[in-house]
Every structure is written in C-alpha cells, then in structure tokens.
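Only one structure is covered here, and it is reproduced in the block below.
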Amino acid sequence: MPELPEVETMRRGILGIVGAKVRGATPLPSPRKPIRIESAAAELAETIKGKKVQAIDRLGKRVVVRLSGDLSLVFEPRMTGLVLVADPPSQEHLRFRLDLTGCPIRSVYYWDRRGLGSVRLVSNEKLAAELVGNKLGPDALVISPKELQERLGSSQRAIKVALLDQKAVAGVGNLYASEILHLAGIHPGKACRKLKTAEWQEVHRRLLEVLHLAIEHEGSTLSDGTYRNALNKAGGYQNQHRVYDREGEACVLCTSQVIVRIVQAQRATFYCPGCQTLRKKR
DNA sequence: ATTAATGTTCAGAA
DNA sequence: TTTCTGAACATTAA
C-alpha cells in the first residue's frame, strides 16, 4: 500500500545515509522466484561499490538514492515493499541489502512480501527520461490547483479513478483518494469534466491537507500490518481515516449517514452518500 | 478446500 | 487518443 505518504516516510527514514559510501550491495535470491532486479546481480554489486550517497529523493511512489557517478538506486515498493534501516520483519522476504560505511546506519534493507516491487540501478539520465513527465505527472505535493484541473478537467473518467492516474498527478493512491474526496465533499463517481473550478480547488486543498497530515503520522498501516517505517514501526494515520475501510460506520462529518463501499476500476472506494453527492448541492 | 480480495503498475485490448 | 481489463505476486479472509 505504500502511497506518497508512506514512500515519503521511507525516504526520510534513510536520509541519514547521505554522505555515506557504499561498501557493498547484495541482491538476495528469493527461495521461490528470482528477485526483480534489473541488472545482473553481480554486475550491480560491482558497479555500486565505492559510490557515495549524494541525496535521497522521491519520484511519485519510488524512493531514489542518488549516487556519485550519475547513478540512482531506485526502490519501488508497489504493494508490500519496505525500505528499512532496522531489521526486516522476516528474513524470508528480504530481497536486497545495501551496506554502507561512513555513517551510523550500517545497512539499508529492501523487504517485499509479495515481491511485486523492485530495486534497480539506473543512470540519472535514463531515470529522468523514463519517469519525469513521462510515466509520472507533477508530484502531488507540488502540483498547482490550476495544473490539476488542466490535466484532468476534460477527462470523462470518474474523479476517484483519475486521481490514481500517476501520469496525471504522481503519488495519490487508492486509500488517500477516498479520503481526499470525502473531505472535499465530492462523489467519487463524478466525472472529471463535470467538476467546476471551485471544486478542483477544493480537491487540491484537501489533497495537500490529507497527504501532509498522513506524512506527519508516518503513513497508514492497514489491518494486515504490512506497512512499516524505516525503523519497522507502524504508521499512525490509519487512526485518522474517515472513510477508508470504514464501511457501515457512521460518517464522522454528518453523523447521519453510513460509509458505503463501492468498486471502481476494480478497486475499493469508500464514501459518505450524505456528504458526497453527484450534484452540486454544496 | 477453493475462491475472492488486497493495491500498484504495465501490457495489451476495446 | 482514451479508457478499460487482466496479470504479476503472496497471503489471508470467506
């Protein structure tokens, strides 16, 4: 489930390795399936050795470790990936270890239960070409209300579905899309092109509000408990959820209606039928 | 004991 | 061009 707040938390969790030097890298073969490491394991380990960690960036839902030599080590957690400095939840799904020298953090681990995620070593040039303005739109924390409207305003898609489009705006995922629209008072099934400018401004305002608050709480750890910060600690924002995974519970805003679960584009959406209507009304 | 559901991304189809 | 569907994977709930 790592979405922007969780990935940002991972990024912050390894900021302490900036300035360190790479002692070695070990892609750990999974007992069942080969790990999803792009370059050959030995080759990656050889190339990365001795490189200096210059910065830690985030590109949408990816953590980017910038290395000397114009290289980037890119962690893409997808569903169940974790970037850790503490010992991983289990040895079993440990996929990758980065060993460092010159900082208190000895190792960074990539652990991924389902193994849908990946660790890649790519040149900055190639990474930029692949992601920036190509696969990924402007970051959700940076995009302006105007730009958000420009990018989605003419789409016929439901607003909830469109917010998940990383090419339109990068970082919003399934959980936060529901939360954002609830606070904005907009029905998740409303077609983008039906939204007025004032509504786009409200979506944008609530988007920032929700994402920043979720980052403060170090993300959401859902009932399956998978997501953890870099210290292997659960996040706290799940306790602030107003609609996500709250089907049947009373809406905390209107208190008169009950949260409903629907499916859009094969994903769960939660909303309050009282606060979030298709027509303007408010 | 099967089957569905989980959420992100991509390839390929409509 | 835009939008939709299924698959990738591992684990758990039904």
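Proteins come first, then strands; the chains are lettered A, B, ... in the order of their sequence lines, and each starts at number 1.
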Measure CG/A/Asn174 against C1'/B/dT8 and give the value in whole Å, please. 10 Å

Whole-Å distance separating the NZ atom of A/Lys167 from the C1' atom of C/dT2: 11 Å

From C/dT3, C/dA10, B/dC10, nucleotide with atom closest to A/Arg62 side chain: B/dC10

With sugar-phosphate meaning primed atoms plus P, OP1 and OP2, does A/Arg267 contact a base, only sugar-phosphate, or nothing at under 4.0 Å between heavy atoms? base

Integer angstrom distance from the P of B/dC10 to that of C/dT11: 23 Å

Would you mind reading off the distance between A/Glu92 atom CD and C/dC9 atom C1', rounded to a whole angstrom? 13 Å

Here DNA chain C, pairs taken as Watson-Crick or G-U under 3.5 Å and shown with ( ), [ ] when crossing and | when to another strand, reads .|||||||.|||||

Among residues 130-142 of chain A, which contact DNA chain B at a heavy-atom distance under 4.0 Å? A/Lys135

C/dA8 C1' sits how many Å from A/Arg113 CZ, rounded? 15 Å

Atom CZ of A/Arg78 and atom P of C/dT11 are separated, to the nearest Å, by 18 Å

Taking only nitrogen or oxygen atoms into account, show me every contact under 3.5 Å that the protein makes with nucleotides 4-6 of chain C, one pair per line with its distance.
from, atom 1, to, atom 2, distance (Å)
C/dG6, N7, A/Gln266, NE2, 3.3

Checking side chain to side chain contact (heavy atoms under 4.5 Å, CB included) between A/Lys51 and each of A/Val65, A/Leu67, A/Leu73, which is the one that passes? A/Leu67

Atom pair distance, as rounded to whole Å: CZ in A/Arg151 and P in C/dT3: 14 Å

If we take the P atom in both C/dG6 and B/dA4, what is their distance in whole Å? 13 Å

Write down the distance between CE (A/Met79) and C1' (C/dA8), rounded to a whole number of angstrom. 11 Å

To the nearest 0.5 Å, how far apart are CG in A/Leu82 and CZ in A/Phe75? 11.5 Å

OP1 or OP2 of B/dT9 less than 4.0 angstrom from a side-chain nitrogen or oxygen of A/Gln166, does that happen here? yes

Between A/His93 and C/dC9, is there a contact of a side-chain N or O with OP1 or OP2 at under 4.0 Å? no

Within less than 4.0 Å of OP1 or OP2 of C/dT3, is there a side-chain N or O belonging to A/Ser155? yes

